[in-house]
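The structure under discussion appears below in the form of structure tokens.
In what follows, every chain begins at residue 1, and chains take the letters A, B, ... in the order their sequences are listed.
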Amino acid sequence: MNGYYAGGDPLVDTKDPGGPLTERWDKRRFEAKLVNPANRRKRTVIIIGTGLAGGSAAATLGEAGYQLKVFCYQDSARRAHSIAAQGGINAAKDYRNDGDSVQRLFYDTVKGGDYRSRESNVYRLAQVSAAIIDQAVAQGVPFAREYGGLLDTRSFGGVQVSRTFYARGQTGQQLLLGAYQALERQVAAGTVELNTRHEMLELIVIDGKARGVVVRDMVTGAFETHLADAVVLASGGYGNAYHLSTNAMGCNVSATWRAHRKGAYFANPCYTQIHPTCIPVSGEHQSKLTLMSESLRNDGRIWVPAVAGDTRDPALIPEAERDYYLERTYPAFGNLVPRDVASRAAKQQCDAGRGVGPGGLGVYLDFKDAIKRLGRETIEEKYGNLFDMYAKITDEDPYSTPMRIYPAIHYTMGGLWVDYDLESTVPGLFVIGEANFSDHGANRLGASALMQGLADGYFVLPGTIGDYLATNPLPAGIDATHPAVLEAEAAVRERTARLLAVNGSRTVDSFHRELGSILWEYCGMERNEEGLTKAIGLIRELREAFWADVKVTGVNEELNQSLERAGRVADFFELAELMCIDALHRRESCGAHFRTESRTPEGEALRIDEEYSHVAAWEFAGDGAPPILHREHLGFEHIKVQARSYK
Amino acid sequence: MKITLRIWRQPDRDAAGAMATYEVDGISPDMSFLEMLDVLNEELALAGGDPVAFDHDCREGICGMCSLVINGLAHGPEALTTACQLYMRHFTDGQVIDVEPWRATPFPVLKDLVVDRGALDRIVAAGGYISAPTGAAPEAHSVPVPRKDAERAFDAAACIGCGACVAACPNGSASLFLGAKITHLGALPQGQPERDARALAMVEQHDAEGFGGCSQIGECTAVCPAGIPLDMISQLNHDVLAALPRGKDQRG
Ligand SMILES: Cc1cc2nc3c(=O)[nH]c(=O)nc-3n(C[C@H](O)[C@H](O)[C@H](O)COP(=O)(O)OP(=O)(O)OC[C@H]3O[C@@H](n4cnc5c(N)ncnc54)[C@H](O)[C@@H]3O)c2cc1C
Ligand code: SF4
Ligand code: FES
């Protein structure tokens, strides 16, 4: 395609055991080899990341008797970005007796992902979901409860059953503290060596297998190499490529991108989720965006003034002059349509001049009716902390005036390609949580990321990694003097020195901001060929300018936040180009990926299954060389593929 | 707005530090305090200076990473608010603002406003958990938890582990942090078997890290962004006193 990419061989998931869907996970676990308990302490696994995925995996593998070396960039494992998840976690418990089941969670997830995920993986996710809740409760996670003492649930965007468990508006925090405490317990038990303020900058591959990492001690600047039998990346998503997102400031793609350059295929990088309910940008200085949990859409009603350019105070706009456009267009789901639909609808209203607030980039989320119906106290109880956060940031009181919301980048479905065992195309490199591409297809349902991260870490990886460890120990005699180790370390030193040497005239942040606005404009809520080709050109130019003119202050041998950011932004540049190429190759609309060229006569997203029912897994072919596309075909035997309609 | 900042600068752990004065102009009231520091840092970088190092990550008040003493108050003047959720509209044009790191013996300064809070993790490792190996959990509904207990546990579990309570305490005590964890796990039926051992082990680690004792002054709860109340320290004392005669070893 115009030289942007090259075609490669098809890719097949050879670990999928096949057979009846309901029995595949049991079958795989039974067939997987086990490491003798007495030998486990002789096996070391490196884990990058202490979020829900990495934290739960490290705790579980430590309990099983393996030795772990765990890294995170924050000063404590408890601060991984999972801590910020608000809304909840799904599980097919059917405590409500409302027709939920493993089958329905499976169905909802595949449908929600717009038929771009693997049946086997999603079914397994639904199967283990219930055990996650049991595990968290046993750890003391204080989920919301009914007066009878049983767990409360609520329904969450895009589904019609009530299967979302929550802990006020701080579900991610509470689940992460559960995993973190289990992890610290293993630290005390001596199975986990925890290295905080350490950033992974390179993967070490020896004889084709992942055997270690190069990390930088973020306090002293020292480069360290660590070797192990296997490496697990649990480093989270890459939403910060857009500069402004709901992710924490430090979220980055470096761990997965460095692995990609060492042979791990990157799958579906263009599948990025835009969350409909975030606080709008307030000005140039904006450093990040804040999410308002979509649980708010259970009770809030979304509207804009019916007439473009109506700048009256919302309280003065009578009912008849308001357009509750989601309720009008999607009567069956109303305000609870999936995220991509809600986001695009908001953008269309704003593009039509009916947006509210500064720059017209906002729509109202109104609780007046809910407060009338349920009372302020109930609303306060359900959403109090979210309302407080909104008031703190905007200086407006959402109890008396409607919130203003606008879509923002929130989650990345794309990530490193993994097979059924969660192993990447580099043997011995496993990828879990948001960092992999596995379960959400082209669009993730609300409250399913926490479920997936914990499913991967508590249950799936511990069930599969033993098969690799049993037969692929790090060969004796390999140590830090191995040429591949020295080469990886030298590459990191060289790159760091290069960043510091530019000494140009623009700050890292100014480049990041510009990169983000290119991506948001051309590879955001709507994409098309013209915009994407333009974006690729702009990104390449900007990347060149970055390496010629960036100003990184200080030296390596110190705590240097400018250097940390520079390394991350350099990787975002490379990823950004691949995101656009992936978006360009996929000339269909599916899930969060909306190509303006591919829509129904009513303007809704139009999938093209005959051509695009595949995972796009990209192989790195060298700097400047077009990446190679490997397609993994997606077949659906257990679900009837339909147009995704929420009308 | 124009702001004069007096900021603690310290090149590394072993170096001596001092306050340095900076002026920033063009600050909007809608900026967060950290965004105001971003503006300063961009200016410093372009002018060939050394930007101010400060910890932050989520900028939503939940990760507990930001840690600034602003005009003598941990997390600044607004109640129930972390430094990252503090907005410049709470300051006035022309104001002089002092910015310092958490100060406590167990929190050595690593650079400028960045400190090492690893001691808090070590307190958790000493016993701040419920031993529930993965796979061993019973069905979640097998143990109903009275709603008020679940709520009490949540109120305590909301602690973000920032360490502001330590920074504010004249004794440098981490009792509020400790009390929050003891209360969280102790309020739940799942937390009972290890309750005594947990209290004793965590307190022992707390003292070993060099945190001071609690004399019920209450500065901690005044600055706590998560609203952890002082009675959770009473709960801590209660649990420790109850556990002492029984000893730590009933775990086995
Ligand atoms: C504001 C917000 C609200 C959300 N709400 C929900 C919700 O209600 N329900 C839901 O299901 N999902 C929600 N999500 C999504 C969900 O929180 C995330 O997808 C999930 O928590 C990711 O977990 P993780 O373990 O994969 O990664 P993270 O929690 O992001 O952890 C990444 C870890 O990797 C480490 N790391 C990263 N890069 C490096 C590196 N180079 N070197 C060393 N360490 C590194 C970090 O230090 C960290 O420990 C929300 C997301 C956001 C942003
Ligand atoms: S008790 Fe409050 S001040 Fe202390 S660490 Fe927890 S949240 Fe921070
Ligand atoms: S930066 Fe996370 S709490 Fe302030």
Between [X] and chain A, with a heavy-atom cut-off of 4.5 Å, which part of the residue counts as in contact: side chain, backbone, both or neither?
X: B:Y87; value: side chain
X: B:V143; value: backbone
X: B:I160; value: both
X: B:R59; value: both
X: B:D12; value: neither
X: B:V39; value: neither
X: B:K148; value: neither

Test your reading of the model: is there a side-chain donor-acceptor pair from [X] to the backbone of [Y], 3.5 Å cut-off?
X: B:H206; Y: B:A174; value: yes
X: B:D112; Y: B:A53; value: yes
X: A:K288; Y: A:T246; value: yes
X: A:D152; Y: A:A144; value: no

Top contributor to chain A contacts, counting heavy-atom pairs under 4.5 Å, from [options]:
options: B:C159, B:G191, B:P189; result: B:C159
options: B:R152, B:E35, B:H184; result: B:E35
options: B:P146, B:A153, B:G128; result: B:G128
options: B:P11, B:G135, B:S28, B:A158; result: B:A158
options: B:E42, B:R122, B:E78; result: B:E42
options: B:L44, B:L185, B:L86, B:T81; result: B:T81

Going by heavy atoms in the side chains, are [X] and [Y] under 4.5 Å from each other?
X: B:F177; Y: B:V166; answer: no
X: A:C251; Y: A:R568; answer: no
X: A:F459; Y: A:L454; answer: no

Hey, which of [options] has the most heavy atom pairs under 4.5 Å with chain B?
options: A:M389, A:R197, A:E284, A:Q186; value: A:R197
options: A:R79, A:M249, A:E184, A:Q181; value: A:R79
options: A:A64, A:G283, A:A167; value: A:A167
options: A:Q139, A:H285, A:Q170; value: A:H285
options: A:H81, A:Q74, A:Q173; value: A:Q173
options: A:S287, A:S562, A:A188; value: A:S287

Which atoms of [X] approach chain B - backbone, side chain, both or neither, heavy atom under 4.5 Å:
X: A:A131; answer: neither
X: A:Q561; answer: side chain
X: A:Y180; answer: side chain
X: A:S82; answer: neither
X: A:T394; answer: backbone
X: A:Q135; answer: both
X: A:D395; answer: both
X: A:T60; answer: both
X: A:L289; answer: backbone
X: A:Q86; answer: side chain
X: A:L177; answer: side chain

Would you name the heavy atoms of [X] and [Y] that are closest together and state the gap between them?
X: B:V115; Y: B:W102; answer: CG1-O, 3.5 Å
X: A:A77; Y: A:L176; answer: O-CD2, 4.4 Å
X: B:P144; Y: A:G148; answer: CB-O, 4.1 Å
X: A:V141; Y: A:G178; answer: CG2-CA, 4.3 Å
X: B:D57; Y: B:M65; answer: N-CB, 4.0 Å

Note: B:D121-A:R78 ion pair, threshold 4.0 Å (strictly below) | no
May I have the step-by-step check of side-chain hydrogen bond (donor to acceptor under 3.5 Å, both in side chains) for A:S245 and A:N240, ending in yes or no?
-> CA-CA 6 Å; A:S245 82; A:N240 273 355; 2.7 Å; yes
Quick one: are the ring centres of B:F91 and B:F33 less than 6.0 Å apart?
-> yes
Are A:Y95 and B:H141 an aromatic pair by the rule of ring centers under 6.0 Å?
-> yes
Test side-chain hydrogen bond (donor to acceptor under 3.5 Å, both in side chains) applied to A:R185 and B:S131, step by step | CA-CA 8 Å; A:R185 178 168 164 259; B:S131 300; 3.1 Å; yes
